[in-house]
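Report on one structure; see the data block that follows.
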Amino acid sequence: MTRSCAQCNQTFVITASDLAFLDQVSPSIAGKKYTIPPPTHCPSCRLRRRLAFRCHTALFSRPAWPNGQTILAMYPETAPFPVMRNEDYFADTWDALDYGQAISFEKSFFSQFAELSARVPRYARISIRNENCDFSNNVSNNKDLYLVFATSNAEHCMYSENVWGSKDCVECTNVLESERCYDCTMCFRCYNLQSSEFSENCSDSYWLS
């Protein structure tokens with residue numbers, strides 16, 4: 001089966017195995033099978049839509065719910081749902097069951113899920129067990145980070161993404177278990193590199209590739 005993407009108008013192919021998989025994962029409710037229809041978007045546009053639900057490198061200043069305190073969050077002020085400070089979200093001051101709603105089998109599941117999603121509060125940032133990392137997101141077990149994203153067990157890093165287990169790194173992407181690196185990409189277990197990429201177990205170097 002060949003279709004034109006509803007997003008980019010590129011032609012893409014839906015194979016027999018794709019249709020078989022959709023049939024296999026189609027849910028059955030109360031004895032009735034609800035078949036998942038073939039996709040209307042090409043694989044690339046479907047991937048973009050899956051990734052677009054949250055951009056963890058974007059942070060917004062916005063009021064928190066319910067007290068209006070200004071916070072830094074991964075959701076803009078235009079988001080339809082309330083956003084809480086992490087400390088308030090994980091406290092016992094509110095009850096998520098208050099937002100429950102009855103299911104109607106006369107309405108689309110996804111429309112009801114969207115309605116529920118627009119009412120239930122969410123926490124401001126993905127941040128767990130960090131110290132002095134207020135301007136970072138999707139981080140855990142870190143210390144002294146500034147504008148660092150998707151990282152764990154790092155210290156003293158800035159303007160970076162995915163620098164797991166690294167220290168004193170600046171403007172790096174996918175630099176793991178490294179130290180004192182600047183402007184590096186895809187470097188592992190390195191020390192004191194600058195403007196390098198695809199390097200492993202290297203030290204005191206510039207412009208490696």
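None of the values given here were measured: they were computed from a predicted structure. Counting begins at 1 with the first residue of the sequence. Basis for what follows: all heavy atoms, side chains included, without hydrogens, waters or symmetry-related copies.
Sorted by first then second residue, the ring-ring contact (aromatic ring centres under 6.0 Å, His included) pairs that include residues 3-30, not counting sequence neighbours, number zero. Under the ring-ring contact (aromatic ring centres under 6.0 Å, His included) criterion, the residue pairs touching residues 130-150 are F135-Y146, Y146-Y159, with sequence neighbours excluded. The salt bridge (Lys or Arg N to Asp or Glu O under 4.0 Å) pairs that include a residue from residues 153-162 number zero, where partners must be two or more places apart or lie in different chains. Applying the ring-ring contact (aromatic ring centres under 6.0 Å, His included) definition to pairs two or more places apart or across chains, none involves residues 179-208. Counting only residues at least two apart or on different chains, the side chain to side chain donor-acceptor pair (under 3.5 Å) pairs with a member in residues 93-108 are Q101-R119. Sorted by first then second residue, the side chain to side chain donor-acceptor pair (under 3.5 Å) pairs that include residues 61-71, not counting sequence neighbours, number zero.
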Working for side chain to side chain donor-acceptor pair (under 3.5 Å), residues S140 and S152: CA-CA 5 Å; S140 62; S152 289; 2.6 Å; yes
Worked check of side chain to side chain donor-acceptor pair (under 3.5 Å) between D144 and H156: CA-CA 5 Å; D144 299 328; H156 312 302; 3.3 Å; yes
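Note: the hydrophobic cluster containing V83 also contains L116 (ILVMFWY, side chain heavy atoms under 4.5 Å, direct or indirect links). Y75 and I126 fall within a single hydrophobic cluster, where Ile, Leu, Val, Met, Phe, Trp and Tyr are joined by side-chain heavy atoms under 4.5 Å apart, directly or via other members. Placement of W164 and I128 in two distinct hydrophobic clusters is found when ILVMFWY residues are connected by side-chain heavy-atom separations under 4.5 Å, directly or transitively.
Atoms CG and SG, from N192 and C202 in turn, are 12.0 Å apart once rounded to the nearest 0.5 Å. A distance of 10.5 Å separates SG in C169 from CE in M158, rounded to the nearest 0.5 Å. Atom CD of E87 is separated from atom CD1 of I71 by 9.0 Å, given to the nearest 0.5 angstrom. Residue N137 holds its CG atom at 9.0 Å from OG1 of T57, rounded to the nearest 0.5 Å. Note that CG of N141 and OG1 of T151 are 11.5 Å apart. Values are rounded to the nearest 0.5 Å. Atom CD of residue E115 and atom OG of residue S111 lie 7.5 Å apart, to the nearest 0.5 angstrom.
The environment of CD1 in I36 is crowded: more than 12 heavy-atom neighbours from other residues, nucleotides or ligands sit within 6.0 Å. Within a 6.0 Å sphere centred on CZ of R3, heavy atoms belonging to other residues, nucleotides or ligands number more than 12.
Between V170 and S160, the shortest heavy-atom contact is C-OG, 3.8 Å. The minimum heavy-atom distance between L193 and L208, with the atom names listed, is CD2-CD1, 4.1 Å. For C172 against C181, the heavy-atom pair with the smallest separation is SG-O, 3.5 Å. For the residue pair P63 and G68, the shortest heavy atom distance occurs at CB-O, 3.8 Å. C5 and C42 make their closest contact through SG-N, 3.3 Å (heavy atoms, listed as atom of the first residue, atom of the second, distance). In terms of heavy atoms, C187 sits closest to S196 at SG-O, 3.8 Å.
The backbone N or O of T15 lies less than 3.5 Å from no partner atom in the side chain of S17, so there is not a single donor-acceptor pair. With hydrogens and angles disregarded, no donor-acceptor distance shorter than 3.5 Å links the side chain of T78 to the backbone of P76. At least one donor-acceptor pair under 3.5 Å links the side chain of S178 to the backbone N or O of L176. No donor-acceptor pair closer than 3.5 Å links the side chain of N201 to the backbone N or O of C190. Judged by distance alone, the side chain of S199 and the main-chain N or O of E197 form a donor-acceptor pair under 3.5 Å.
Two residues are said to be in side-chain contact when any heavy atoms from C-beta on lie closer than 4.5 Å; Y34 and K32 meet this criterion. Counting heavy atoms from C-beta outward, S117 and R122 have side chains that approach closer than 4.5 Å. Within the 4.5 Å cutoff, the side chain of H56 has no heavy atoms near those of the M74 side chain. Counting heavy atoms from C-beta on, the side chains of T11 and T2 come closer than 4.5 Å.
Applying the salt bridge (charged side-chain N to carboxylate O under 4.0 Å, His left out) test to D183 and every residue at least two apart in sequence or in another chain returns nothing. For N130, the side-chain hydrogen bond (donor to acceptor under 3.5 Å, both in side chains) partners two or more places apart in sequence, or in a different chain, are S127, N142. E200 meets the salt bridge (charged side-chain N to carboxylate O under 4.0 Å, His left out) test with R189; sequence neighbours excluded. Taking the salt bridge (charged side-chain N to carboxylate O under 4.0 Å, His left out) definition, one finds that K33 meets it with D23, sequence neighbours left out.
Summarising the hydrophobic clusters (Ile, Leu, Val, Met, Phe, Trp, Tyr; side-chain heavy atoms under 4.5 Å, direct or chained), the residues clustered with F113 are F109, F110. Under a 4.5 Å side-chain heavy-atom criterion applied to ILVMFWY residues, the cluster that includes V175 comprises V139, L145, V148, V163 as well.
Donor-acceptor pairing under 3.5 Å is lacking for the side chains of T185 and T173.
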